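The structure presented is a predicted model; accordingly, all values stated were derived computationally and were not measured. Numbering starts at 1 and runs along the sequence shown.
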Amino acid sequence: MTVLTRRSLPPHVDLNPPSKKLTVIHHSDFLSYPASLLEQLEGAVGRIWDLGKFANGFGEKEYEVISKDYAVAAFTIKRDQSQEKVVFAFLSGASTSQIEEKNWLMFGKVKGRAERALAHLQPGVVTYSFRLGGILPVSPVPETSLFQRLVMDKVVLPFLAMTLPQTVIKSDVLGQGMIEAVSRGGSGAIEGWEGKGEPGDGGVFENEEIKRLAKGQSKI
């Protein structure tokens with residue numbers, strides 16, 4: 001596994017001692033990928049993109065660079081000379097639509113544009129977008145704010161998980177769902193999930209579908 005990051009991994013996920021199965025590459029510009037970096041990524045046919053920020057405090061153009069342009073640049077990296085498809089899993093979000101008129105939040109507009117762009121990439125690239133709900137951590141995340149740790153993670157999200165489970169997903173379930181997609185979707189389709197990865201709102205994984213995918217189940 002290779003992690004491409006701008007910063008050092010946070011202590012709670014940074015393995016100590018390091019694992020031979022994990023390579024961490026620091027890269028500062030997610031719009032540019034020099035040949036030396038591409039050599040290190042060669043052979044990585046399954047790629048998960050989960051970089052992003054809350055839209056609060058950003059103008060639309062600036063937020064689009066972070067949430068769409070970075071992903072498009074990464075997803076258009078040329079694959080190696082093998083004919084195997086490159087499979088991407090893109091972290092989108094709820095309240096998103098690829099039909100711009102349906103989005104009343106800037107977050108949804110920009111994420112919808114990203115989904116739409118990623119669904120029309122070059123031949124040999126397959127993209128699965130994931131519209132998750134609120135993420136309930138399975139273990140504490142010390143780097144988050146006190147409000148997030150004590151109010152959202154301890155009270156609000158657990159309450160929603162019990163009362164409105166369709167709005168919340170556990171972090172390990174989300175991760176497993178995305179891994180399932182990149183490991184099973186190399187042919188351009190995931191068995192039992194035909195149509196996913198195609199352009200349009202029906203081609204993305206919604207929150208409850210991610211949970212079923214993570215369990216190895218088919219769509220209803």
Side-chain angles (χ1 to χ4, degrees), residues 3-7 10 25-34 37 47-78 86-122 125-137 141 143-149 151-153 156-157 160 164 166-169 171 174-175 177-178 181-182 196-210:
V3 176
L4 192 64
T5 178
R6 289 180 292 185
R7 305 180 182 89
I25 300 175
H26 292 93
H27 181 58
S28 60
D29 184 2
F30 286 140
L31 292 174
S32 175
Y33 294 85
L37 176 58
R47 304 173 186 179
I48 296 175
W49 187 264
D50 65 354
L51 182 148
K53 285 180 173 290
F54 290 112
N56 297 343
F58 288 95
E60 187 168 327
K61 289 185 177 180
E62 184 182 12
Y63 188 65
E64 186 162 340
V65 171
I66 296 171
S67 296
K68 180 179 81 70
D69 295 352
Y70 283 172
V72 170
F75 285 27
T76 50
I77 295 174
K78 292 184 179 179
V86 175
V87 187
F88 286 100
F90 172 68
L91 197 69
S92 185
S95 301
T96 297
S97 174
Q98 293 182 27
I99 301 173
E100 186 118 355
E101 293 76 15
K102 289 187 176 182
N103 295 305
W104 56 279
L105 293 174
M106 183 179 71
F107 169 89
K109 289 181 181 179
V110 173
K111 287 290 188 178
R113 292 171 195 160
E115 290 179 3
R116 194 164 59 245
L118 296 171
H120 290 89
L121 290 181
Q122 65 205 35
V125 177
V126 183
T127 304
Y128 299 102
S129 293
F130 289 74
R131 291 182 185 168
L132 63 151
I135 302 176
L136 179 60
V141 183
E143 293 76 23
T144 57
S145 67
L146 192 63
F147 176 80
Q148 180 70 40
R149 295 197 307 271
V151 179
M152 296 300 296
D153 296 348
V156 176
L157 289 172
L160 289 174
L164 295 169
Q166 69 274 19
T167 66
V168 178
I169 189 167
S171 56
L174 171 61
M178 299 183 85
V182 297
K196 298 302 182 183
E198 296 181 1
D201 286 337
V204 307
F205 283 98
E206 301 288 353
N207 198 61
E208 289 298 286
E209 293 177 322
I210 300 171

- [ ] Would you check if His26 and Thr5 make a side-chain contact, meaning some heavy-atom pair closer than 4.5 Å?
- [x] yes
TODO: For Gln98 and Gly200, indicate whether the former's side chain and the latter's backbone hold a donor-acceptor pair under 3.5 Å.
DONE: yes
Open item on the list: Is it the case that atom CZ in Arg7 sees more than 12 heavy atoms from other parts of the structure closer than 6.0 Å?
Closed with: no
Task: Residue pair Ser97 / Asp201, side-chain donor-acceptor N/O under 3.5 Å - done: yes
TODO: Please confirm whether the backbone N or O of Leu118 pairs with a side-chain atom of Thr127, one donor and one acceptor, at under 3.5 Å?
DONE: yes
Open item on the list: Quick one, Val182 and Phe88 - any side-chain contact, counting heavy atoms below 4.5 Å?
Closed with: no
Open item on the list: Going by side chain to side chain contact (heavy atoms under 4.5 Å, CB included), name the residues that satisfy it together with Ala74, two or more places apart in sequence or in a different chain.
Closed with: Tyr33, Trp49
- [ ] Indicate yes or no for a side-chain donor-acceptor contact from Lys196 to the backbone of Val204 under 3.5 Å, with no hydrogens or angles considered.
- [x] yes
Open item on the list: Holding to side chain to side chain contact (heavy atoms under 4.5 Å, CB included), I want the full list of residues that pass it with Val168, two or more places apart in sequence or in another chain.
Closed with: Leu136, Leu157, Leu160, Ala161
- [ ] Check for a donor-acceptor pair, side chain of Gln148 on one end and backbone N or O of Ser145 on the other, with a separation under 3.5 Å.
- [x] no
Considering only distance and modelled atom types, tabulate donor-acceptor pairs under 3.5 Å from the side chains of residues 52-63, sequence neighbours left out.
from, atom 1, to, atom 2, distance (Å)
Glu60, OE2, Arg113, NH1, 2.9
Glu60, OE2, Arg113, NH2, 2.7
Tyr63, OH, Lys53, O, 3.1

Open item on the list: Determine whether Leu51 and Ile66 satisfy the following criterion, side chain to side chain contact (heavy atoms under 4.5 Å, CB included), listing intermediate values before the conclusion.
Closed with: CA-CA 8 Å; Leu51 182 148; Ile66 296 171; 3.9 Å; yes
Open item on the list: If we count only N and O atoms by modelled type, under 3.5 Å, do the side chains of Glu115 and Ser129 hold a donor and an acceptor together?
Closed with: no
Task: Donor-acceptor contact below 3.5 Å, side chain Arg131 vs main chain Thr96 - done: yes
Task: Main-chain N/O of Val141 paired with Thr144 side-chain donor or acceptor, under 3.5 Å - done: yes
